[in-house]
Student: 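Below you will find the structure I want to go over with you.
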Amino acid sequence: MKKFILSALMLTAAAAVLPQSAEACSRVCYVGSDSLYVIGRCLDWRTPIPTNIYVYPAGIEKVGSDKEGAVKWKSKYGAVYAVSYDSGITEGMNEKGLCVNGLFCKGTVYDNAETATRPPMSLAMFVGWLLDMNATTDEVVEVLKAHDFSLSGATFDEGTVSALHWGVTDASGHSVIFEFDHGNINIYEMGDYLAMTNDPNWPAMTAIVDYWNRVGGTNMLPGTVASPDRCVRANFFAHHVDATPDADLGTSICRSVLINSCVPYTYQLGDGEPNVSSTQWRSYSNLRDRTYGFDIVTNYGYFYIDLKKCNLKPGGKILKLDTTKTKSLVGEANSRLEVSKGFTPAY
C-alpha cells in the first residue's frame, strides 16, 4: 500500500513539473437524469481572448476557406457559436443538441503530403461546418472518417498556431474525442470518461485517469494546474455528483465541477512564469433543453441563450451578443441579441 501511495505521489509530482503552457482548457460532461446532459468547458489563455456569441439560422451558403477549391456547404441546422477575436469559431451547439468544443493539444499535426491536396477547410470555420451539417455524433464521425478536407488556419496572439483536438457530444450523450496525428484522424469513444483537457493525447490521458481511479479520489487527488491533474479531478467529481433532471440545478452542478479544474484568473507559476494560462471564460451547453450558457470570469454573473426561442429556420436573421457589453448580464440573454452581418473568418 505504501508503494502504491508513493507511486501516486510521484505521478502527481511529475505532472506538477510538466511545462505549464498557454494551451490549458478543460471540458466536462455532466450526466443528469431524464436525458439531461450539460457540457461545460473553460477556455484558458495567457492573454484575454475576446469572444462574442453568434446565432446563425439554417439555410446559409458558407465556404470553409478563401483558398481555391475550398469546402462549401449550405447549413442544414441553426446553431450558436462562440467566436473568438470575432474571426474564428471556438465551439458551439446546434438546434439538434450537438455540441463541439475545441481544446489545445500541442502534438497536433493536421496534414500530411496526401491530405494537404484535399479541399481546404479553415480552423475558423471547421466547428461551424460540423455543427451546420450534422445532427449526431455518429454523423460527425462519418465526416471525419471520409476526411474529404485539408485543415489549416491562421495564427493568432503573435504567431500562435491553433493546435487543437475536439470533444463532440450529442443529445443522446454519445461522446467522442478526435485528434489529428500527421494527417490521420484518430477517433476515440469516450465511454465512461467524463472529462478531457489538453496534453497528452487521449490514449495516454486515459492511462493516467485509470491510474488515479485505482488510487481512489476520496482521500487524494492531484491538485496542480497541469493538464492531467485537471482531467483527473474533473472526471472524478463528474462521477460523484447527483444526477438531477432539473436543468438549472444540473448546470449549477456542472459549473461547480468545471470550476474545480479551472486555473485561477491571473495565477502565475513560480517566479512569474509567463506561459501559465488562467481561465478566461466558461460555457455550458444543455443538450436536452438547447440552452447555451456563458460565464466570463471578470463579469458579475452567468447568462445564457435559449436556442428554442431563436428563429433558426432558413431566412432567419444572424444574431450577435457583444460580450463587451455584458459585465452585469445575468440569466436569459435572448433580448440582448442584435441583428448582425456575421463575423469575418480569419482564414
Student: Taking only distance into account, with no hydrogens and no angle test, what donor-acceptor pairs under 3.5 Å do side-chain atoms of residues 116-131 form with protein atoms, sequence neighbours excluded?
Tutor:
| unit_1 | atom_1 | unit_2 | atom_2 | d |
| --- | --- | --- | --- | --- |
| Thr117 | OG1 | Glu114 | O | 2.8 |
| Arg118 | NH1 | His147 | O | 2.9 |
| Arg118 | NH1 | His147 | ND1 | 3.4 |
| Arg118 | NH2 | Glu114 | OE2 | 3.0 |
| Ser122 | OG | Ala124 | N | 3.0 |

Student: Any side-chain heavy atom of Val176 sitting closer than 4.5 Å to one from Val141?
Tutor: yes
Student: Kindly write out the residues that satisfy salt bridge (charged side-chain N to carboxylate O under 4.0 Å, His left out) with Lys96, not counting sequence neighbours, or none if the list is empty.
Tutor: none
Student: Anything under 30° is parallel, anything over 60° is perpendicular, the rest tilted; go ahead and classify Trp166 against Tyr110.
Tutor: tilted
Student: Strictly distance-based, threshold 3.5 Å: is any side-chain N or O of Thr136 a donor or acceptor partner for the main-chain N or O of Glu139?
Tutor: yes
Student: Can a salt bridge be assigned to the pair Glu95 and Lys308 using a cut-off of 4.0 Å between side-chain N and carboxylate O?
Tutor: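 No, this pair does not count.
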Student: Under the criterion side-chain hydrogen bond (donor to acceptor under 3.5 Å, both in side chains), I'd like the reasoning laid out for Asn184 against Asp181: C-alpha separation, chi angles, the key distance, then a yes or no.
Tutor: CA-CA 5 Å; Asn184 297 312; Asp181 180 7; 5.6 Å; no
Student: Looking at residues at least two apart in the chain, or sitting in another chain, which of them share a salt bridge (charged side-chain N to carboxylate O under 4.0 Å, His left out) with Asp34?
Tutor: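 With sequence neighbours excluded, Asp34 shows a salt bridge (charged side-chain N to carboxylate O under 4.0 Å, His left out) to Arg288, given in chain and number order.
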Student: Classify the ring geometry of Tyr56 against Tyr54: parallel below 30°, tilted from 30° to 60°, perpendicular beyond 60°.
Tutor: tilted
Student: With a 4.5 Å cut-off on side-chain heavy atoms, are Thr344 and Asp86 touching?
Tutor: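 With C-beta onward as the side chain, the pair stays apart.
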Student: Answer with yes or no whether the side chains of Thr291 and Asp306 bring together a donor and an acceptor at under 3.5 Å.
Tutor: no
Student: Is the ring centre of Phe294 less than 6.0 Å from the ring centre of Trp281?
Tutor: yes
Student: Between Glu91 and Ser283, does any side-chain donor sit less than 3.5 Å from a side-chain acceptor?
Tutor: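 Result is yes, a qualifying pair exists.
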Student: Report the C-alpha separation of Asp246 and Thr244 in whole Å, then their side-chain angles, then the decisive distance to 0.1 Å, and conclude whether the side-chain hydrogen bond (donor to acceptor under 3.5 Å, both in side chains) test is met.
Tutor: CA-CA 5 Å; Asp246 182 86; Thr244 178; 5.3 Å; no
Student: Kindly list each side-chain donor-acceptor pair under 3.5 angstrom involving residues 58-65, sequence neighbours excluded, with atom names and distances?
Tutor:
| unit_1 | atom_1 | unit_2 | atom_2 | d |
| --- | --- | --- | --- | --- |
| Lys62 | NZ | Tyr81 | OH | 2.9 |
| Lys62 | NZ | Asp132 | OD2 | 2.8 |
| Ser65 | OG | Lys67 | N | 3.1 |

Student: Looking at Ser285 and Cys99, what are the two nearest heavy atoms and their distance?
Tutor: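 Closest pair (atom of Ser285, atom of Cys99, distance): OG-SG, 3.7 Å.
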Student: Test Ser84 against Thr51 for side-chain hydrogen bond (donor to acceptor under 3.5 Å, both in side chains), laying out the working first.
Tutor: CA-CA 4 Å; Ser84 294; Thr51 303; 3.2 Å; yes
Student: Is any side-chain heavy atom of Leu98 closer than 4.5 Å to a side-chain heavy atom of Val168?
Tutor: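 Leu98 vs Val168: side chains touch.
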Student: Partners of Lys72 by salt bridge (charged side-chain N to carboxylate O under 4.0 Å, His left out), sequence neighbours excluded?
Tutor: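 Lys72: no salt bridge (charged side-chain N to carboxylate O under 4.0 Å, His left out) contacts found.
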Student: Apply the ring-ring contact (aromatic ring centres under 6.0 Å, His included) test between Tyr284 and each candidate in Tyr302, Phe303, Tyr292; give the one that qualifies.
Tutor: Tyr302
Student: Checking Asp192 against His239: is there a side-chain donor and acceptor pair closer than 3.5 Å?
Tutor: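 Indeed, the side chains of His239 and Asp192 share at least one donor-acceptor pair under 3.5 Å.
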Student: Are the aromatic rings of Tyr37 and Tyr30 close, with centres under 6.0 Å apart?
Tutor: no
Student: Walk me through whether Thr279 and Asp44 qualify under side-chain hydrogen bond (donor to acceptor under 3.5 Å, both in side chains).
Tutor: CA-CA 4 Å; Thr279 296; Asp44 304 351; 2.7 Å; yes
Student: Check whether any side-chain heavy atom of His174 lies under 4.5 Å from a side-chain heavy atom of Glu189, and answer yes or no.
Tutor: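 Of all side-chain heavy-atom pairs linking Glu189 with His174, at least one is under 4.5 Å.
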Student: Assess, by modelled atom type and distance only, whether the side chains of Arg27 and Thr169 contain a donor and an acceptor separated by less than 3.5 Å.
Tutor: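 Present: a donor and an acceptor within the cut-off.
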Student: Taking all heavy atoms of Ser26 and all of Thr197, pick out the closest pair and write down the distance.
Tutor: OG-CG2, 3.6 Å
Student: Arg255: which residues meet the salt bridge (charged side-chain N to carboxylate O under 4.0 Å, His left out) condition with it, sequence neighbours left out?
Tutor: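 Asp295.
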Student: Does Asp229 reach the side chain of Ser261, with side-chain heavy atoms less than 4.5 Å apart?
Tutor: no
Student: Between Ile39 and Leu287, is there a side-chain heavy-atom distance shorter than 4.5 Å?
Tutor: yes
